[in-house]
Amino acid sequence: MNNHVELRVKEMMGALFNMSSADIGPGTSVDNVESWDSLNHMKLVMALEEAYAVEFTELEVAELLSLELVMLTLLSKGVS
Amino acid sequence: MNDTRAALREFFDNRTVEGLAGHEEAAASLAKLNLEGLPSLRLAVLRTVTVEPLDAYLRVAGYRAGLQIELTLHNLGEVETLVLDRDSPLYRENPDAVLVLLNLESVAPQLVNRFTDLDDGSLEAVLDGLETRILGLAKGIARHSGALIIISNFQLPVRPSWGILDGRGRPGQRDAIAGLNSRISQGLSQMGNAYTLDIERLTAILGDRAANDPRNWHRAQAPWKPALLEAIARESMRYLRPLRSLNKKCVVLDCDNVLWGGVAAEVGFSEIGLGPEPSGSPFVSLQNGLRAISARGVVLAVCSKNDRGVVDEVFYQHPNMVLTPEDIATWRVNWDDKASNIVDIAAELNIGIDSIVFLDDSPFECGLVRQALPEVEVVCLDGNPGNFRRIIEELDYIDPLSLTEEDVQRTSLYRGESQRRELAAQLGTVEEYLATLNMTVEVARVDQSSVSRVAQLILKTNQFNTTTPRYTETDIRAMMDGAGCIVASMRVSDIYGDSGLVGAAILFFNESHVELDAFLMSCRVIGRGAEDAFLAALTQEVSKHNIGLVARYVPTRKNSLVEDFLPRCGLKLIATDESCSNYALGADALPLTTPAHVHLVNKLADHE
C-alpha cells in the first residue's frame, strides 16, 4: 500500500474527526473514535470521493468503518 | 490589525487550500492563529438540505475576506418554524445575516419529479405558492430582525422532463423555474436588505456534474458537492464583506500592457494593441469590463510610470479607447514608486489603503506593492491578455450592497477635488523592498554578442535617455573599434529573474575631461537604483584617468523623466539653454558611490 495515500487519508481523517493524524493507525475505527458519527462519516465519504475521483457504492459507504477498510476499498478502486 | 492581516496573507499565500479535507484542515489551523482585531460577523444558516461541510468552507472564505464568521447552522428542515417564532433560537443569536438555502426537491418536489403531470393551471398555482412562501420567509425574518437576508434561488434542470419538447406548446420546466427565480429576486430587491444567492448561476459556472451528486441526495439529503458548497461560501462573502465595509472601493490601473498592448512611449501611439485585431481585442475587452466595474460605483484611478503626455495622447486621441479621461478619478503618471502613489491616491480619495485593488503587468511592481502595502489587493496581469477580462470579472470583493446616485457620480466627485492631502507618513519600505531583491548590475564593454541589442536600445529608448542620440549599429561598431571611446552596456537581474541588457552609455575621452555622450536605460527597470549603479561604474573607469566628467541633458518631448537624473547624482550645472543643460563633476569627486542594495559587477576594465 502506498505510503503517500495512507498519510493523506490519515490527515483527512484527522481534520474531519478533529484529532491528530499521528493518533490514527491501523486499529482506528468507528468503534474507538467518538467523533466518527454519521455526519462526519458523510463528510469522510465526500472528501475521499472528491480527493481520489472515485465513487463508492452504497455497500462500500456502509462498510468504510476503519482506516484499514478505507485503504482496502481505495486500493480496490485503483487508488494506490 | 496589520499583524492580523499580514498573518492571514501569509497563511493564504503559502498554501493552496483544496477540497473538503483541505478546508477542514485550514479552518482548524486558522482558528489557532492569533487574529486580534479581525471583525466578526454572526451568520445564521437555515436550510432544507444537508450542508454540514459548508461550515469549513464558510469559515475559510470568511478569513479570506478578512472576517471571523460565527456560524450557527440551524437544524435541517426547520425553516418556517424558526423564522415565524420571534422567540426561536434564530433570533436569540441576534444574527448579522441570515442565509437561507433551499432546494427545489424539498420545497416543491412536483416541479422536479412530476412536472409532466402539471397542467397550466396547477403549474401557475405551484409557482404562485412558492413565490409567496419564499418572500414570506424574507418578510418574516425582517419582522423580527435587522439582519441582512440572503435567500438562494433554484438550479435549472439540465435535463428537463419534457426533453427536447420542453417549452413547446406548453410552459416549459426550465422557463417555469427561471421565471420563479426572477420573481423571487425582484420581490427580494423591493425589500431593501434582502438578496438572492444565485445558485442557478453558481451551478452554471461549475456544471451539473461538478456541482450535484444525486446519490448523496438520496443517501443523506446532501445534493450539493463540495465544489458547489465552496462556491456558495465564497459567493456569500460578496454580501457579507460590505456589512463590515470590506468591499474594495477603487481599482488602480497600470497603462502599458494593461489598458493597451505594448509600451506606448516605445512603440508609439499608432502601434499600441487596442482595437479589433488579435493583439488589441483583449485590451478593448478588459476596458469594457472595467467600465462595468466603474458603473457599480467602484472608482478607477491610473498609476503609470510614464510621461503624462504619452498617456494623455492615448486617452484623449486613440479611436479605440473605451475608457475616457472622465472615467478616471485621479491620475498618478510619474516616475515615483507605485506604493507611494497608491498611498497618495487613497489619501486624495479619502478611502483606506485596504480599499484598493492594484492591477499591473509587472511582477516587480506587483511585488513591491504587495510588500510595502500588504493591505492592498494586488492582481498581477502577467499572463495571456485574452484572460484579463475574465480575471477582473472574477474579482469578488468589489461589490457594494447598493448603488446610490452619489455612487454613480463618485468618479466625477473625486475628480473635482484637485487638492491633494498631505501624507502623514512617508514610506520607508521602498528601500527595504529594494534590499530584498538581491539586485545585480553588470556593466561591460559592448562586444560582438551585444552590439545589436545596444544599437536597438539606442534607437528605441525615448524616456530614460539623456541625449537621445540616434546612432546606428554601424556607428556603434566604429566606436567600439576606435580609441578614446567606451561603449558600455548594462545588464540587470534580481530575484524575479534576468531583465537582460537594459542600459547603454557612451564615453568619449579627451585630454582634459571625459564626456558622457549617451546614457540611456529601458524603463522596465526604472526606480530600482540600476541607473545610479550604472553611472557609478562608468565613473570608476573615468577616475582611473584622474580627469573630470562632463555630461549633457538634451530635452525632448518624451524624456522629462531623466531631467533630474544628473543633478541627483551630484553633477553640477554649468550652463543651460533651451536646447541643452551642461553638467560637470571634478576628478576629486569621482567615482560616484554605488547604491547599497546593488551588487555591482564592473567589467569595464576587462578588455583585450
Side-chain angles (χ1 to χ4, degrees), chain A residues 2-25 28 30 33-67 69-71 73-74 76-77 79-80, chain B residues 11 15-33 45 47 49-60 63 71-77 206-233:
Chain A
N2 183 314
N3 217 5
H4 180 75
V5 174
E6 185 167 328
L7 273 177
R8 183 63 196 140
V9 170
K10 283 181 180 173
E11 282 172 6
M12 289 165 73
M13 290 170 91
L16 294 166
F17 300 153
N18 196 22
M19 57 194 288
S20 162
S21 61
D23 296 336
I24 296 171
T28 301
V30 74
V33 176
E34 204 177 324
S35 55
W36 196 329
D37 57 15
S38 60
L39 272 175
N40 278 336
H41 186 67
M42 180 198 74
K43 286 191 194 176
L44 176 66
V45 170
M46 286 171 88
L48 290 169
E49 289 193 332
E50 181 193 29
Y52 296 107
V54 293
E55 280 197 3
F56 299 115
T57 65
E58 296 314 297
L59 192 62
E60 284 166 340
V61 168
E63 288 181 348
L64 286 173
L65 299 176
S66 69
L67 174 66
L69 285 167
V70 167
M71 296 311 298
T73 311
L74 284 176
S76 76
K77 299 192 171 294
V79 178
S80 60
Chain B
F11 183 91
R15 77 201 71 202
T16 29
V17 181
E18 269 178 346
L20 175 51
H23 280 77
E24 294 277 358
E25 286 165 336
S29 314
L30 283 159
K32 290 188 196 122
L33 294 180
V45 176
R47 51 12 190 300
V49 284
T50 303
V51 288
E52 266 63 9
L54 190 60
D55 185 314
Y57 285 115
L58 279 170
R59 285 178 207 279
V60 173
Y63 287 119
L71 180 70
T72 308
L73 195 54
H74 287 282
N75 288 338
L76 178 64
L206 291 168
D208 173 59
R209 278 177 186 272
N212 295 321
D213 188 345
R215 298 169 312 137
N216 233 18
W217 163 246
H218 299 298
R219 191 188 288 151
Q221 278 184 269
W224 297 335
K225 279 186 158 180
L228 181 56
L229 296 175
E230 181 179 3
I232 289 171

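Letters go in sequence order (proteins before strands), and every chain restarts at 1.
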- Query: Do B/Pro226 and A/Glu49 have side-chain heavy atoms sitting under 4.5 Å apart?
  - Reply: no
- Query: With only heavy atoms counted, which part of B/Ser29 is less than 4.5 Å from chain A, the side chain, the backbone, both or neither?
  - Reply: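 Looking at B/Ser29, nothing touches chain A.
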- Item | B/Ala222 versus chain A, the contacting section by heavy-atom distance below 4.5 Å | side chain
- Message: Check this for me, if you would: do B/Glu18 and A/Arg8 make a salt bridge, where the nitrogen-to-carboxylate-oxygen distance has to be below 4.0 angstrom?
- Response: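 Here B/Glu18 does not pair with A/Arg8 in a salt bridge, since their nearest N and O are not under 4.0 Å apart.
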- Message: With side-chain contact (heavy atoms from CB on, under 4.5 Å) as the criterion, how do B/Asn216 and A/Val45 come out once you've worked through the C-alpha distance, each side chain's angles and the decisive distance to 0.1 Å?
- Response: CA-CA 10 Å; B/Asn216 233 18; A/Val45 170; 5.6 Å; no
- List the atom of B/Tyr57, the atom of A/Glu50, and the distance in Å for their closest heavy-atom pair. OH-OE2, 4.0 Å
- Item | Residues of residues 12-20 of chain A near chain B, each having a heavy atom less than 4.5 Å away | A/Met12, A/Ala15, A/Leu16
- Task: Without swapping roles, check the side chain of B/Arg219 against the backbone of A/Met42 for a donor-acceptor pair under 3.5 Å.
- Result: no
- Item | Interface residue of largest heavy-atom contact number with chain B, from A/Glu11, A/Glu55, A/Glu58, A/Met46, under 4.5 Å | A/Glu55
- Message: Checking A/Asn40 against B/Glu52 for the side-chain contact (heavy atoms from CB on, under 4.5 Å) test, could you report, in this order, the C-alpha distance in whole Å, the side-chain angles of both residues, the deciding distance, and whether it holds?
- Response: CA-CA 9 Å; A/Asn40 278 336; B/Glu52 266 63 9; over 6 Å; no
